[in-house]
Amino acid sequence: MSKIYWAAPLHDAEDRARNAKYVQILRSEGHIVYVPQEHGVWEEVMDKFGGDANKTRKHFYELDLKACKEADICIACAGNLENPREPSEGMIWEMGFMAGCQKTVLLFNEDNYWDYNLMLEFSSHMFSNFDDILDFLREEEFV
């Protein structure tokens, strides 16, 4: 069982649905998965901070940074052909942070739709389909 940080775009319904689908599969395999989209909707959290956008942004940053530090693995989901878009800046930052912490980073570039940067290529294990990620997780031990 691994502690996984799921890094992926989350700002539209298609992104959130894709994330939920893959995270559910990971959890069914026994992994603990942190998913930023599960930790509050911007507007609701901003209300808790009296409408202060800076406090809200810092709150989400601190939650995500703590989760990155506690995770063994980062799975970065770039997106897919059905909902093509550039990967989020947050996802790329999270990948870099975790690679810099010497943690395992898996880049899920479904169907190889996204033309990634060489820094991402050489700091992560690359996968074009999710079943290969599951096989990798079953074969490796992460502590």
Side-chain angles (χ1 to χ4, degrees), residues 1-46 48-49 52-143:
M1 169 174 51
S2 301
K3 288 184 181 177
I4 298 171
Y5 185 97
W6 182 264
L10 54 79
H11 298 291
D12 64 31
E14 292 85 4
D15 290 335
R16 290 188 298 276
R18 182 193 60 247
N19 295 341
K21 171 186 152 186
Y22 290 122
V23 166
Q24 186 277 327
I25 293 168
L26 290 166
R27 288 178 174 154
S28 74
E29 297 253 335
H31 301 287
I32 298 167
V33 186
Y34 177 89
V35 188
Q37 75 189 39
E38 295 178 345
H39 298 281
V41 175
W42 174 265
E43 293 79 10
E44 293 170 6
V45 174
M46 200 155 114
K48 292 179 187 177
F49 291 107
D52 188 323
N54 286 334
K55 286 183 181 176
T56 304
R57 291 167 60 83
K58 181 149 176 131
H59 168 76
F60 282 120
Y61 170 79
E62 289 173 350
L63 279 176
D64 294 352
L65 183 61
K66 181 179 186 284
C68 283
K69 290 177 180 178
E70 292 175 354
D72 307 309
I73 301 166
C74 174
I75 298 179
C77 180
N80 61 24
L81 291 170
E82 293 174 19
N83 187 27
R85 64 184 303 249
E86 290 298 313
S88 73
E89 294 167 341
M91 180 201 89
I92 293 171
W93 186 91
E94 291 153 349
M95 288 178 71
F97 177 83
M98 293 189 73
C101 290
Q102 305 301 306
K103 297 191 181 199
T104 300
V105 177
L106 312 179
L107 176 56
F108 177 33
N109 186 19
E110 191 171 13
D111 301 318
N112 289 312
Y113 95 95
W114 176 55
D115 188 19
Y116 43 81
N117 170 292
L118 69 94
M119 298 302 282
L120 302 179
E121 177 182 1
F122 292 105
S123 65
S124 65
H125 301 272
M126 308 289 285
F127 298 91
S128 63
N129 72 68
F130 199 70
D131 287 337
D132 290 343
I133 289 175
L134 295 175
D135 289 343
F136 180 87
L137 292 172
R138 289 177 191 128
E139 293 170 7
E140 299 292 324
E141 279 194 42
F142 302 94
V143 191

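By the 4.0 Å N-to-carboxylate-O rule, Arg27 lies close enough to Glu38 to be salt-bridged with it. Note on Glu70 versus Lys66: salt bridge recorded, some NZ/NE/NH1/NH2 to OD/OE distance being below 4.0 Å.
Closest approach of Leu107 and Ser124 over heavy atoms only: CB-OG, 3.7 Å. Between Met98 and Cys68, the closest heavy-atom pair is CE-O, 3.6 Å.
Trp6 has its side chain within reach of Asn19: a pair of non-hydrogen atoms, C-beta onward, lies under 4.5 Å apart. Here the side chains of Ser128 and Asn109 are not in contact, with every heavy-atom distance at 4.5 Å or above. Contact of the Arg18 side chain with the Cys77 side chain is registered, since non-hydrogen atoms from C-beta on lie closer than 4.5 Å. When side chains are defined from C-beta on, Val105 does not count as touching Ile73, because their heavy atoms never get closer than 4.5 Å.
Note: His125 NE2 to Cys74 SG = 11.5 Å, rounded to the nearest 0.5 Å. Annotation: the span from Lys58 atom NZ to Leu63 atom CG amounts to 12.0 Å, rounded to 0.5 Å. Lys48 contributes atom NZ, which lies 6.5 Å from atom NE2 of His59 (distance to the nearest 0.5 angstrom). The CG atom of Leu134 lies 10.0 Å from the OH atom of Tyr22; values are rounded to the nearest 0.5 Å. With rounding to the nearest 0.5 angstrom, the CG atom of Leu26 is 4.5 Å from the CD1 atom of Ile75. Rounded to the nearest 0.5 Å, atoms OG (Ser2) and CG (Leu137) are 6.0 Å apart.
A donor atom on one side chain and an acceptor atom on the other are not found under 3.5 Å apart for Asp72 and Tyr5.
The aromatic ring centroids of Phe108 and Phe127 lie 6.0 Å or more from each other. For His39 and Phe60, the ring centers sit 6.0 Å or farther from each other.
Within a 6.0 Å sphere centred on NZ of Lys103, heavy atoms belonging to other residues, nucleotides or ligands number more than 12. Within a 6.0 Å sphere centred on OH of Tyr61, other residues, nucleotides and ligands contribute 12 heavy atoms or fewer.
A donor-acceptor pair under 3.5 Å is formed between the side chain of Gln37 and the backbone N or O of Arg16.
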